[in-house]
Amino acid sequence: MKKVMVGMSGGIDSSVTAYMLQEEGYEVEGCYLKLHNRNDGYHEKNLSFIKDVAEFLNIKYHVLDLADDFTKEVYDYFVDSYLEGTTPNPCVKCNRQIKFGAMLDFAKSHGADFLATGHYAKTDGKFFYEADDKTKDQSYFLSQVSPEALPFMMFPLSTYKKEDIVKFGAKLDVAFKKITEKSESQEICFVETVYTDVIKKHANIDQVGNVLDEKGNIVGEHKGYAHYTIGKRRGFTVYGAQEPHFVTKLDPKDNTITVGKRTALEVNEVIVNNLNMFIKDKTLDCSVKLRYRKNSISCNIKIENNIAIITLNEPALGVAAGQLAVFYDGQKVLGSGWIQATK
Ligand SMILES: Nc1ncnc2c1ncn2[C@@H]1O[C@H](COP(=O)(O)OP(=O)(O)OP(=O)(O)O)[C@@H](O)[C@H]1O
């Protein structure tokens, strides 16, 4: 019998994932990752849901403390990125380093043939593909996972709609029903309210600064550069402005932000580094997603020395350094890289 380790968060997706795989005839074990040192009962609550599900399924589960790795690989990177004036994507780092890095190693060392999660995405062991439920698709966040990890990954929810998983869980057993009744988890697991509250623990980001126009003239005031990302249009003043203004640049050195009209956000070329590719081609015509929840844009890509130059076939708006550019051929993920600069 093949053994599957299921990454269990105490949420409905991973709980139903464990149930489905057991129904399919796999030997299932669970693994809960402690990713932060929260003392507010967060882990205890998650673990009480996992305990009930594990009892219902009659499976073993492990608790793996990866808080130190998570701090180093994900949390510090998140804080540093904002302080450097870039816009981080912590879930992408976590998927590569933690869930499909350290947790996969743990699964293998416990004799598992596969690691399954409740992510909404597909894999055939060589590539990732978008999930059928496009509103929940997480292929963007998985695209930096090492190609070597793919043969071990399983996403049993890939053909379902999230709402159907919730309905199904609610009918399955009280252990699952209770989970469907709790509030939805936060978008970023360590951000309880807003991201700036996290940054404020490490730096004084509430320092009023100048808003500049494209020519460098002072045209207004803002409340501290780390409160803004590229494309943002609120939370700063532009003296006498008649039209909306958008953030086009953040400069931590002198605590300024540069703003412009909508057209100033337009970008035609994007340079990305730290590529993670699932194909070997060095030039390709494909489409690119420059931010989660943005439409993909058709483009041409040239790769040299682990850097890709992306020429867009139509301008993109609000492209932020630090975000991920994910290359798609239809639903198939070809690779991705971190946005370094735009033109
Ligand atoms: N702390 C954790 N420990 C182990 N696995 C986790 C943990 N957090 C997330 N996962 C795994 O990663 C998957 C995706 O996590 P994400 O937070 O994006 O999804 P979710 O929709 O909230 O999932 P769930 O309903 O299972 O919490 C989860 O379904 C689960 O399999």
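What you see below is based on every heavy atom in this structure, not just the backbone, and it leaves out hydrogens, waters and symmetry mates. Remember, it's 1-based here, ligands and their atoms both numbered in the order they're listed.
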Task: Under 3.5 Å side-chain donor-acceptor pair for E130 and S139 - done: no
Task: Where A116 and T17 come nearest, the two heavy atoms and their spacing - done: CB-CG2, 4.1 Å
Open item on the list: Restricting to ring pair (Phe, Tyr, Trp, His ring centres under 6.0 Å), what partner residues turn up for H227, sequence neighbours left out?
Closed with: none
TODO: Determine whether the side chains of D113 and Y26 contain a donor N or O and an acceptor N or O closer than 3.5 Å.
DONE: no
Task: Distance-only donor-acceptor check, side chains K134 and Q331, under 3.5 Å - done: yes
- [ ] Could you name the protein residues that come within less than 4.0 Å of ligand 1, counting only heavy atoms, and order them by chain and residue number?
- [x] G7, M8, S9, G11, I12, D13, S14, C31, Y32, L33, K99, T117, G118, H119, Q138, K162, S185
Open item on the list: One thing to verify: whether K253 and D251 come together as a salt bridge, which I'm taking to mean a side-chain N less than 4.0 angstrom from a carboxylate O.
Closed with: yes
